[in-house]
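Heads up, the thing below is written out as structure tokens.
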2 protein chains.
Amino acid sequence: MSSYKDKKVISIGTVNELTGLSVRQIRYYEERELIFPERTKRGTRKYSFADIETLMKIADKREEGVQTYEIKRDMANDNKDHMIEQMLRGQLNAHFRLNK
Amino acid sequence: MSSYKDKKVISIGTVNELTGLSVRQIRYYEERELIFPERTKRGTRKYSFADIETLMKIADKREEGVQTYEIKRDMANDNKDHMIEQMLRGQLNAHFRLNK
DNA sequence: CGTGTAAGGAATTCTGACACG
DNA sequence: CGTGTAAGGAATTCTGACACG
């Protein structure tokens with residue numbers, strides 16, 4: 001389930017190259033709690049490929065003029081939707097033994 | 001086929017943390033042509049998760065006392081085996097239309 | 001609100017070399 | 001052969017702040 005995609009190993013300069021977003025923007029989106037990089041002992045931010053995909057989506061939304069707090073709200077809702085779906089799926093499977 | 005696993009985005013310090021190998025060792029294995037990191041414009045080495053797995057294997061071999069040129073030879077052979085298998089599989093499939 | 005920039009410091013990475021073995 | 005280390009320079013990253021709007 002968690003693999004390379006979620007390992008936080010990419011430094012901010014590389015994220016800048018991969019996403020085209022400025023270092024300032026990347027740090028700002030963290031300040032607004034849209035992304036959550038890890039920190040090395042020294043304090044350097046480390047990002048995952050999943051973070052990079054999130055940043056790409058954020059970039060798109062921003063281009064459409066969507067504000068950061070709205071993006072954050074939407075992402076939270078998307079997450080809820082996903083969790084609810086997972087729980088329902090689990091309940092259904094438990095009930096009908098669809099899996100295994 | 002190529003995805004996150006092969007993207008060269010990890011700097012040598014992080015590779016050190018992930019593999020336990022010293023920075024000196026990581027650079028040396030490149031000198032011996034066991035691994036091939038990419039370089040950023042500035043010259044910084046960038047590694048993929050695949051490189052990290054290769055380095056882990058190298059570390060195991062080295063612990064067994066295997067020398068770098070032997071490791072290199074073995075890796076080349078493993079690659080040949082893999083290519084031959086792929087070609088045979090392709091020929092067989094073309095002949096018997098096993099796929100799609 | 002979102003992003004640019006100059007500021008100063010601390011840690012990273014690079015190469016070539018000497019050392020030991 | 002494989003790895004450690006000190007050396008000097010160049011680029012990275014960090015934070016807090018001022019700027020514009």
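Just so it is clear: chains get the letters A, B, ... in the order the sequence lines come, proteins before strands, and each one is counted from 1.
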Are A:Phe36 and A:Ile10 linked, directly or through other ILVMFWY residues, by side chains that come within less than 4.5 angstrom of each other?
no
Strictly below 4.0 Å: does B:Thr44 bring a side-chain N or O up to OP1 or OP2 of C:dT12?
no
Bracket string, DNA chain C, 5' to 3' - pairs by Watson-Crick or G-U geometry under 3.5 Å, | interstrand
.||||.||.|.|.||.||||.
Are the side chain of B:Thr19 and the backbone N or O of B:Val15 linked by a donor-acceptor pair below 3.5 Å?
yes
Does any part of the side chain of B:Leu34, heavy atoms only, come nearer than 4.5 Å to the side chain of B:Thr68, both counted from C-beta?
yes
Only one of B:Arg32, B:Glu30, B:Glu31, B:Arg24 forms a side-chain hydrogen bond (donor to acceptor under 3.5 Å, both in side chains) with B:Tyr28, so which one is it?
B:Arg32
Hey, is the main chain of B:Ser48 close enough, under 3.5 Å, to the side chain of B:Asp51 for a donor-acceptor pair?
yes
Between P on D:dT3 and CD1 on B:Ile58, what's the gap in Å once rounded to a whole number?
10 Å
In whole angstroms, the gap separating P of C:dG2 from CD of A:Glu30 amounts to 15 Å
Report yes or no: does B:Lys72 contribute a side-chain atom to a donor-acceptor pair with the main-chain N or O of B:Gln67 at less than 3.5 Å?
no
In this structure, how many angstroms lie between the P atom of D:dA11 and the NZ atom of B:Lys41, rounded?
13 Å
DNA chain D contacts among residues 12-28 of chain A, heavy-atom distance under 4.0 Å
A:Ile12, A:Gly13, A:Arg24, A:Arg27
Donor-acceptor pair, distance only, cut-off 3.5 Å: does the side chain of A:Glu63 make one with the backbone of A:Asp60?
no
Looking at A:Lys5 and A:Glu53, is any side-chain nitrogen of the basic one under 4.0 Å from a carboxylate oxygen of the acidic one?
yes
Please determine whether a side-chain nitrogen or oxygen atom of A:Arg45 lies at a distance below 4.0 Å from atom OP1 or OP2 of D:dT13.
no
Is any side-chain nitrogen or oxygen of B:Tyr29 closer than 4.0 Å to OP1 or OP2 of D:dG2?
no
Among D:dT15, D:dG2, C:dC14, which nucleotide has an atom closest to any side-chain atom of B:Arg42?
C:dC14
